[in-house]
There are 2 protein chains.
Amino acid sequence: MKAASSTAEQSSHDKILDAAEILFAKRGYAGVGLSELAEVVGLGKSSLFHHFENKAQLYAAVAARILGRIEERLVRSLAKGGDPIVRLERWLDELIDLLADHPTYARLLLRSLFEDDDLPGDTPEEQEAHRAIAGMMASVGALVREGMAVGLFRAANVQHLLLTLVGLTVFPFASGEFGAEVLGKDIFDPAEVRRRKRELRDLLRFGLVVNKGR
Amino acid sequence: MKAASSTAEQSSHDKILDAAEILFAKRGYAGVGLSELAEVVGLGKSSLFHHFENKAQLYAAVAARILGRIEERLVRSLAKGGDPIVRLERWLDELIDLLADHPTYARLLLRSLFEDDDLPGDTPEEQEAHRAIAGMMASVGALVREGMAVGLFRAANVQHLLLTLVGLTVFPFASGEFGAEVLGKDIFDPAEVRRRKRELRDLLRFGLVVNKGR
DNA sequence: ATTGAACCCGACCGATCGGTCGGGTCCCGC
DNA sequence: GCGGGACCCGACCGATCGGTCGGGTTCAAT
């Protein structure tokens, strides 16, 4: 929201990354041709190779940039104080806001989960992305464990809970037409984003099933 | 698990579908070449077009077959009696078992969510798949609403809950290396599948946060 | 015995793929 | 004014893409 509003006055390097992010999110790694990307950016295809070694490295750079931004914001979120409940709920809110503000993120994250299984994986960008993911998972894992230790969270399997939390947040914003159809509205609509945060918070607080006795 | 063990004695039509399911799940629509597929099946590339009109229709057929199988099993699950809690938990268990038994399913389902946004979408297979999805969502939606009406479920936004449930179940089995890394084990390991079902059930029953007062 | 459908193939098509190459333009430090 | 790097381009490369075509084989129905 701060910059990036004017498409002009932006280095070719960043314009390529921006366009590639949109295209890769929409059609995936194999579904995007470099000639198409070059045309969108407004460059010759061969100029892309001046800024990036090859297609795979460009893809890794796109993913790494997103991961870096997410990590930066979520690390700052966790750094703020509060008990584990507050910190976890704030973490989730922040992540949802991030995914909602950038419609390409959720899709590209899930797609990269699918594709990095067989992509090379030895570029520094990929290792950086991997490090960012692992770090974030470790941080939230520690937060959850702390909450359990002090009795604020119910005892549960931390690893499965992490998978659950990621699926809960990322999936809806990547679900495209399906999500819109189930929801009846656009998931990226601000009102729906607010609702999503509230619903998720209530689920963690109360579950779904009503426990009458207590 | 019942049949399909011997790769021989199977019509070319089905062999193509089986191989395409694996390949599409692994690398996505654009990432799979028909020559590669033909080679896996053991046919000439041109023979594929005897069984399917083109690549898009083949992909739609693969997706429709999976959706049909899922729908059939889940409809049977919902048909069995029980109060909404029992029915919902059984539905989730059944879906998880299904995804766990067929490692290609979760990935291909998510991928098709991503890709059907811009694929033609007018073939009968696609419409059949779309109908199956809509029907299942409607069934579970009705079940949830019923549970809320009789006071067994907490009042919540049904549409968001549906998205949540799908993400909760499908995502982990599609998360590949990421899921395995977070979990420390293979998600398709039977013990881990059992644990997943239990954790999910407990989350719906109790939430995550401990409510001391009641 | 002939037909015709089901099935399969190799050869081929135009298009596009990721990527290379040589050269051009611009600008900045010397 | 003279490099030299940053930046960009068109032409081109071999490979592969999805798909077509004509013809071959098998087999059941006539």
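Below, chains carry the letters A, B, ... as their sequence lines are ordered, and counting in each starts from 1. No hydrogens, no waters, no symmetry mates; every other heavy atom, side chains included, goes into these values.
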Whole angstrom value for the distance that separates [atom2] of [N] from [atom1] of [X]:
X: B:L48; N: C:dA6; atom1: CG; atom2: P; result: 18 Å
X: B:F52; N: C:dC8; atom1: CZ; atom2: P; result: 11 Å
X: B:L23; N: D:dG18; atom1: CG; atom2: P; result: 12 Å
X: A:K45; N: D:dC12; atom1: NZ; atom2: P; result: 13 Å
X: B:N54; N: D:dC17; atom1: CG; atom2: P; result: 16 Å
X: A:L43; N: D:dG10; atom1: CG; atom2: P; result: 10 Å
X: B:E39; N: D:dG18; atom1: CD; atom2: P; result: 14 Å
X: A:K55; N: D:dT16; atom1: NZ; atom2: C1'; result: 13 Å

How would you label the contact of B:V41 with the nucleic acid (heavy atoms, under 4.0 Å): base, sugar-phosphate, or nothing?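 Nothing, no nucleic acid heavy atom in range.
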Nearest listed nucleotide, side chain of B:S35, among C:dG19, C:dC17, D:dC17: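 Given the options C:dG19, C:dC17, D:dC17, the side chain of B:S35 is closest to D:dC17.
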Nearest-neighbour nucleotide for the A:H50 side chain, D:dC7, D:dG19, C:dG18 considered: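 Output: D:dC7.
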Just to confirm, is there a sub-4.0 Å distance from OP1 or OP2 of C:dC9 to any side-chain nitrogen or oxygen of B:S47?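 For C:dC9, OP1/OP2 do have a side-chain N/O of B:S47 under 4.0 Å.
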With a 6.0 Å cut-off (strictly less than), is the heavy-atom count around [atom1] of [X], excluding the residue itself, greater than 12?
X: B:K55; atom1: NZ; answer: yes
X: A:K197; atom1: NZ; answer: yes
X: B:Q127; atom1: CD; answer: yes

Can the ring centroids of A:F188 and A:F173 be said to lie less than 6.0 angstrom from one another?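 For A:F188 and A:F173, the ring centres are under 6.0 Å apart.
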Proximity of A:F24 and A:Y59 rings by center, below 6.0 Å: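 Under 6.0 Å, so yes.
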Heavy-atom donor-acceptor pair, B:S46 side-chain to C:dG10 base, under 3.5 Å: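 Such a pair exists between side chain and base.
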Residue whose nearest DNA chain C nucleotide is more 5′ - B:H13 or A:F49: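 Looking at the nearest nucleotide for each, B:H13 comes out on the 5' side.
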